[in-house]
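As structure tokens, the structure follows; a few thoughts come after it.
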Amino acid sequence: MSLRAAVVTVSTSKSGGGEADDESGARLAAFATGLGAEIAGTEIIPDDRTAIAERLRHWADEEGCDLVLTTGGTGVAPSDVTPEATRDVIEREAPGVAEAMRAASREHTRHWMLSRGVAGIRGRTLIVNFPGSPRSIDQAGAVIADALPHAVDLLHGGHGGH
């Protein structure tokens with residue numbers, strides 16, 4: 001099965017072009033490529049709930065991506081609104097994905113429980129919020145890598161070996 005993925009970096013400072021390269025977005029795109037996904041697009045957008053929701057809808061509905069992976073905006077700061085924007089657009093949550101990602105972070109940071117990322121389904125698209133740290137993308141991605149293609153297969157009517 002072929003996968004199409006989009007990567008959305010949520011960062012007001014990086015979206016203005018004045019800060020360093022988007023290492024997290026690049027790391028997340030490499031993660032998706034490692035799953036066998038074709039990258040349909042990458043973008044950097046500000047921490048704005050309406051803008052995030054619009055871009056998630058775009059990649060899911062207009063571009064027909066199987067996976068939309070976000071990085072950033074999942075903490076507890078007032079500007080961290082990626083989970084809320086994601087909930088605005090998903091039809092069903094996939095809580096085990098986010099739980100597994102948080103659990104994977106536990107051995108690496110004492111602040112693991114402050115991550116608020118969510119995962120969910122919009123139509124036939126799986127949307128997953130990753131933390132903004134490049135290291136945490138690798139750590140969290142490792143525990144969900146096998147499940148993502150399986151989930152996409154099920155969303156497209158496959159039986160996933162059941």
Side-chain angles (χ1 to χ4, degrees), residues 1-16 22 24-33 35-105 113-134 136-137 140-141 143-145 147-158 160:
M1 164 178 207
S2 66
L3 295 172
R4 289 187 73 237
V7 173
V8 179
T9 299
V10 179
S11 171
T12 298
S13 59
K14 289 188 188 319
S15 70
D22 176 22
S24 295
R27 188 80 56 101
L28 198 50
F31 168 76
T33 301
L35 297 176
E38 165 200 340
I39 304 300
T42 63
E43 63 184 331
I44 305 171
I45 62 174
D47 293 275
D48 175 88
R49 184 172 175 167
T50 302
I52 298 164
E54 188 279 321
R55 297 316 295 159
L56 297 177
R57 284 187 197 97
H58 168 80
W59 290 113
D61 300 349
E62 295 174 36
E63 297 294 333
C65 288
D66 303 300
L67 289 171
V68 178
L69 308 175
T70 71
T71 177
T74 61
V76 298
S79 61
D80 291 332
V81 295
T82 302
E84 289 73 22
T86 301
R87 283 190 182 100
D88 289 345
V89 303
I90 61 175
E91 296 152 351
R92 298 181 290 152
E93 281 199 42
V97 174
E99 291 165 9
M101 293 169 69
R102 272 187 285 282
S105 298
M113 77 287 293
L114 298 178
S115 179
R116 301 182 314 106
V118 299
I121 300 149
R122 179 178 179 84
R124 292 185 175 204
T125 302
L126 180 61
I127 301 171
V128 181
N129 300 155
F130 279 75
S133 158
S136 63
I137 289 168
V143 300
I144 64 168
L148 298 186
H150 178 70
V152 169
D153 181 47
L154 293 172
L155 287 172
H156 288 273

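Counting from 1, the numbers follow the sequence of the chain as shown. The analysis underlying the following values was restricted to heavy atoms, covering all of them including side chains, and did not include hydrogens, waters or symmetry mates. The shown structure was predicted, so the numbers you read here are calculated from the model rather than taken from an experiment.
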Can you list everything that forms a side-chain hydrogen bond (donor to acceptor under 3.5 Å, both in side chains) with [X]? Sequence neighbours excluded, please.
| X | answer |
| --- | --- |
| Thr74 | none |
| Arg27 | Glu23, Asp138 |
| Asp48 | none |
| Glu91 | none |

- side-chain hydrogen bond (donor to acceptor under 3.5 Å, both in side chains) contacts in which one or both residues fall within residues 123-134, not counting sequence neighbours: Thr70-Asn129, Thr86-Asn129
side-chain contact (heavy atoms from CB on, under 4.5 Å) against [X], all qualifying residues, sequence neighbours excluded:
| X | answer |
| --- | --- |
| Ala145 | Phe31, Leu35 |
| Ala100 | Val143, Ile144 |
| Val10 | Val8, Ile45, Asp47, Ile52, Thr82 |

Salt bridge (Lys or Arg N to Asp or Glu O under 4.0 Å) against [X], all qualifying residues, sequence neighbours excluded:
| X | answer |
| --- | --- |
| Arg49 | Asp88 |
| Glu54 | none |
| Glu38 | Arg4 |
| Glu63 | none |

- Under 3.5 Å: donor-acceptor pair, side chain of Ser105, backbone of Met101: yes
- Do you know which of Val7, Leu28, Thr9 makes side-chain contact (heavy atoms from CB on, under 4.5 Å) with Phe130? Leu28
